[in-house]
Amino acid sequence: MDQVNSPQNGTGTNLVFDQYKLLTDLLKHEEVLIWQRNQFFFAFNGALLAVFGWLKSTPKESKEATIFPPEFAIWACIIGICMCLFWFLVIQRGRAFYDHWFEQLKHLENKITILKIFGTAEEYFAGKAVNLSNKSHSLPLLAGCKIAFVASAASLIFAVAWVFLALHFWRNS
(Lines give C-alpha, C1' and ligand atoms only; values in the text may rest on other atoms or scores of the structure.)
Protein backbone atom coordinates (compact mmCIF):
# COMPACT_ATOMS: atom_id res chain seq x y z
CA MET A 1 0.00 0.00 0.00
CA ASP A 2 1.27 3.47 -0.81
CA GLN A 3 2.01 5.89 1.95
CA VAL A 4 -0.99 7.95 2.96
CA ASN A 5 -0.66 11.64 3.77
CA SER A 6 -4.25 12.73 4.23
CA PRO A 7 -7.68 11.21 4.63
CA GLN A 8 -8.70 12.66 1.26
CA ASN A 9 -5.84 11.05 -0.69
CA GLY A 10 -7.70 8.39 -2.68
CA THR A 11 -9.09 4.91 -2.51
CA GLY A 12 -8.29 2.86 0.54
CA THR A 13 -7.16 5.87 2.54
CA ASN A 14 -10.29 6.08 4.63
CA LEU A 15 -9.93 2.36 5.30
CA VAL A 16 -6.45 2.93 6.76
CA PHE A 17 -7.75 5.74 8.98
CA ASP A 18 -10.69 3.58 10.05
CA GLN A 19 -8.27 0.79 10.94
CA TYR A 20 -6.20 3.29 12.91
CA LYS A 21 -9.25 4.49 14.86
CA LEU A 22 -10.31 0.90 15.53
CA LEU A 23 -6.86 -0.06 16.78
CA THR A 24 -6.66 2.97 19.08
CA ASP A 25 -10.05 1.96 20.53
CA LEU A 26 -8.81 -1.61 21.02
CA LEU A 27 -5.65 -0.33 22.71
CA LYS A 28 -7.67 1.91 25.06
CA HIS A 29 -10.02 -0.97 25.85
CA GLU A 30 -7.07 -3.26 26.61
CA GLU A 31 -5.63 -0.64 28.98
CA VAL A 32 -8.94 -0.48 30.86
CA LEU A 33 -9.06 -4.27 31.07
CA ILE A 34 -5.50 -4.42 32.38
CA TRP A 35 -6.32 -2.02 35.22
CA GLN A 36 -9.62 -3.77 36.03
CA ARG A 37 -7.93 -7.19 36.16
CA ASN A 38 -5.18 -5.92 38.43
CA GLN A 39 -7.70 -4.22 40.72
CA PHE A 40 -9.66 -7.47 40.99
CA PHE A 41 -6.59 -9.54 41.87
CA PHE A 42 -5.36 -6.97 44.41
CA ALA A 43 -8.80 -6.89 46.05
CA PHE A 44 -9.08 -10.68 45.98
CA ASN A 45 -5.70 -11.09 47.66
CA GLY A 46 -6.59 -8.47 50.27
CA ALA A 47 -9.89 -10.19 51.07
CA LEU A 48 -8.20 -13.58 51.22
CA LEU A 49 -5.57 -12.19 53.60
CA ALA A 50 -8.39 -10.93 55.82
CA VAL A 51 -10.00 -14.39 55.76
CA PHE A 52 -6.65 -15.97 56.56
CA GLY A 53 -6.15 -13.63 59.52
CA TRP A 54 -9.66 -14.31 60.79
CA LEU A 55 -9.18 -18.08 60.53
CA LYS A 56 -5.81 -17.90 62.30
CA SER A 57 -7.14 -15.73 65.11
CA THR A 58 -10.28 -17.80 65.77
CA PRO A 59 -9.88 -19.74 69.04
CA LYS A 60 -10.25 -23.50 68.50
CA GLU A 61 -12.97 -23.79 71.13
CA SER A 62 -15.18 -21.02 69.72
CA LYS A 63 -18.45 -21.54 67.89
CA GLU A 64 -16.98 -20.18 64.63
CA ALA A 65 -14.16 -22.74 64.79
CA THR A 66 -16.67 -25.58 64.55
CA ILE A 67 -17.91 -24.21 61.23
CA PHE A 68 -14.60 -22.83 59.93
CA PRO A 69 -11.72 -24.51 61.73
CA PRO A 70 -8.41 -22.61 61.80
CA GLU A 71 -6.97 -25.43 59.67
CA PHE A 72 -8.88 -23.92 56.75
CA ALA A 73 -6.21 -21.19 56.76
CA ILE A 74 -3.94 -23.51 54.78
CA TRP A 75 -6.61 -23.62 52.07
CA ALA A 76 -6.62 -19.83 51.96
CA CYS A 77 -2.87 -20.01 51.32
CA ILE A 78 -3.27 -22.60 48.56
CA ILE A 79 -6.03 -20.55 46.91
CA GLY A 80 -3.88 -17.43 47.23
CA ILE A 81 -0.89 -19.11 45.58
CA CYS A 82 -3.03 -20.45 42.73
CA MET A 83 -4.71 -17.07 42.17
CA CYS A 84 -1.34 -15.29 42.12
CA LEU A 85 -0.01 -17.69 39.49
CA PHE A 86 -3.20 -17.21 37.47
CA TRP A 87 -2.84 -13.44 37.92
CA PHE A 88 0.72 -13.62 36.57
CA LEU A 89 -0.47 -15.51 33.48
CA VAL A 90 -3.34 -13.06 32.92
CA ILE A 91 -0.84 -10.17 33.07
CA GLN A 92 1.38 -11.80 30.46
CA ARG A 93 -1.55 -12.42 28.13
CA GLY A 94 -2.84 -8.85 28.58
CA ARG A 95 0.61 -7.47 27.86
CA ALA A 96 0.82 -9.58 24.69
CA PHE A 97 -2.49 -8.16 23.45
CA TYR A 98 -1.47 -4.62 24.35
CA ASP A 99 1.89 -5.00 22.59
CA HIS A 100 0.15 -6.49 19.55
CA TRP A 101 -2.26 -3.54 19.20
CA PHE A 102 0.60 -1.10 19.79
CA GLU A 103 2.74 -2.70 17.07
CA GLN A 104 -0.21 -2.70 14.68
CA LEU A 105 -0.67 1.05 15.28
CA LYS A 106 3.01 1.72 14.62
CA HIS A 107 2.74 -0.30 11.41
CA LEU A 108 -0.23 1.79 10.25
CA GLU A 109 1.64 4.98 11.15
CA ASN A 110 4.28 3.99 8.62
CA LYS A 111 1.52 4.11 6.00
CA ILE A 112 0.07 7.38 7.30
CA THR A 113 3.11 9.63 7.17
CA ILE A 114 1.41 12.55 8.95
CA LEU A 115 0.89 10.47 12.11
CA LYS A 116 3.77 9.45 14.39
CA ILE A 117 2.03 9.21 17.76
CA PHE A 118 2.88 5.67 18.80
CA GLY A 119 6.34 5.62 17.26
CA THR A 120 7.16 8.78 19.21
CA ALA A 121 5.61 7.34 22.37
CA GLU A 122 7.80 4.26 22.12
CA GLU A 123 10.92 6.42 21.92
CA TYR A 124 9.70 8.53 24.85
CA PHE A 125 9.01 5.53 27.09
CA ALA A 126 12.37 4.01 26.16
CA GLY A 127 13.98 7.07 27.76
CA LYS A 128 14.97 8.79 24.54
CA ALA A 129 14.39 12.48 24.01
CA VAL A 130 11.59 13.37 21.62
CA ASN A 131 10.87 16.75 20.06
CA LEU A 132 7.32 18.00 20.36
CA SER A 133 6.47 21.58 19.38
CA ASN A 134 10.19 22.35 19.08
CA LYS A 135 10.74 21.28 22.69
CA SER A 136 12.75 18.30 23.83
CA HIS A 137 10.99 15.94 26.24
CA SER A 138 12.37 12.84 27.94
CA LEU A 139 11.35 10.39 30.63
CA PRO A 140 14.56 9.42 32.43
CA LEU A 141 12.97 8.14 35.66
CA LEU A 142 11.52 4.65 35.27
CA ALA A 143 12.00 4.71 31.51
CA GLY A 144 10.81 1.46 30.03
CA CYS A 145 9.01 0.39 33.21
CA LYS A 146 5.58 -0.81 32.14
CA ILE A 147 2.54 -1.59 34.28
CA ALA A 148 2.87 -5.25 33.27
CA PHE A 149 6.25 -5.41 35.00
CA VAL A 150 4.94 -3.78 38.18
CA ALA A 151 1.81 -5.97 38.26
CA SER A 152 3.88 -9.10 37.57
CA ALA A 153 6.18 -8.21 40.45
CA ALA A 154 3.14 -7.64 42.70
CA SER A 155 1.64 -11.01 41.77
CA LEU A 156 4.92 -12.76 42.51
CA ILE A 157 5.36 -10.89 45.81
CA PHE A 158 1.85 -11.94 46.86
CA ALA A 159 2.60 -15.54 45.82
CA VAL A 160 5.80 -15.58 47.91
CA ALA A 161 3.87 -14.09 50.85
CA TRP A 162 1.26 -16.86 50.55
CA VAL A 163 4.02 -19.49 50.50
CA PHE A 164 5.59 -18.01 53.66
CA LEU A 165 2.20 -17.85 55.39
CA ALA A 166 1.52 -21.48 54.44
CA LEU A 167 4.94 -22.57 55.75
CA HIS A 168 4.45 -20.59 58.95
CA PHE A 169 1.00 -22.09 59.45
CA TRP A 170 2.27 -25.60 58.70
CA ARG A 171 5.11 -25.32 61.24
CA ASN A 172 2.94 -23.83 63.98
CA SER A 173 -0.03 -26.17 63.77
Side-chain angles (χ1 to χ4, degrees), residues 16-58 67-111 115-128 130 137-173:
V16 173
F17 276 96
D18 288 344
Q19 288 174 338
Y20 193 83
K21 288 188 321 190
L22 175 65
L23 285 170
T24 55
D25 288 343
L26 286 169
L27 189 69
K28 285 189 286 187
H29 180 68
E30 192 60 42
E31 285 178 348
V32 168
L33 288 176
I34 287 169
W35 282 106
Q36 288 175 341
R37 291 177 195 131
N38 287 322
Q39 287 172 342
F40 167 78
F41 283 108
F42 268 115
F44 184 87
N45 274 282
L48 200 56
L49 278 171
V51 168
F52 177 83
W54 179 76
L55 288 169
K56 282 292 291 169
S57 66
T58 304
I67 300 170
F68 301 107
E71 292 77 24
F72 277 17
I74 194 72
W75 287 106
C77 293
I78 293 168
I79 291 169
I81 292 166
C82 291
M83 286 300 285
C84 286
L85 295 176
F86 181 64
W87 182 12
F88 183 80
L89 294 174
V90 166
I91 292 166
Q92 301 315 308
R93 184 168 171 87
R95 180 178 180 178
F97 271 111
Y98 183 87
D99 289 346
H100 173 73
W101 302 135
F102 195 90
E103 290 300 318
Q104 291 291 323
L105 282 161
K106 285 188 346 188
H107 176 73
L108 280 179
E109 282 183 353
N110 289 332
K111 296 179 182 193
L115 289 175
K116 295 295 176 208
I117 298 166
F118 290 93
T120 303
E122 185 174 54
E123 291 177 25
Y124 181 71
F125 288 115
K128 298 177 184 172
V130 294
H137 299 273
S138 62
L139 183 69
L141 184 62
L142 299 174
C145 184
K146 295 183 177 182
I147 185 62
F149 173 77
V150 176
S152 295
S155 71
L156 295 176
I157 289 168
F158 268 109
V160 168
W162 283 117
V163 168
F164 280 125
L165 286 172
L167 292 173
H168 175 74
F169 177 78
W170 194 273
R171 287 184 184 156
N172 294 331
S173 56

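Side chains are part of it too, since the values below use all heavy atoms of this structure and drop only hydrogens, waters and symmetry mates.
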Do Lys106 and Glu103 sit within salt-bridge range, that is, some charged N less than 4.0 Å from a carboxylate O?
-> yes
With the side chain counted from C-beta on, respond yes when Leu49 and Phe158 share a heavy-atom pair under 4.5 Å apart, and no when they do not.
-> yes
Would a 4.5 Å heavy-atom cut-off, applied to side chains only, mark Leu26 and His29 as touching?
-> no
Plane angle bin for Phe42 and Trp87 - parallel if under 30°, tilted between 30 and 60°, otherwise perpendicular = perpendicular
Could you give the distance from [atom1] ([X]) to [atom2] ([Y]), rounded to the nearest 0.5 Å?
X: Ile81; Y: Leu165; atom1: CD1; atom2: CG; result: 9.0 Å
X: Ile147; Y: Ile91; atom1: CD1; atom2: CD1; result: 8.5 Å
X: Leu33; Y: Lys28; atom1: CG; atom2: NZ; result: 13.5 Å
X: Leu27; Y: Asp99; atom1: CG; atom2: CG; result: 9.5 Å
X: Glu31; Y: Phe102; atom1: CD; atom2: CZ; result: 9.5 Å

For residues [X] and [Y], report the shortest heavy-atom separation together with the two atoms involved.
X: Asn38; Y: Ala151; value: OD1-CB, 3.5 Å
X: Leu108; Y: Tyr20; value: CD1-N, 3.6 Å
X: Trp162; Y: Cys84; value: CD1-SG, 3.8 Å
X: Arg95; Y: Ala148; value: CD-CB, 3.5 Å
X: Met83; Y: Phe44; value: CG-CE2, 3.3 Å

Do the ring centers of Phe169 and Trp75 come within less than 6.0 Å of each other?
-> no
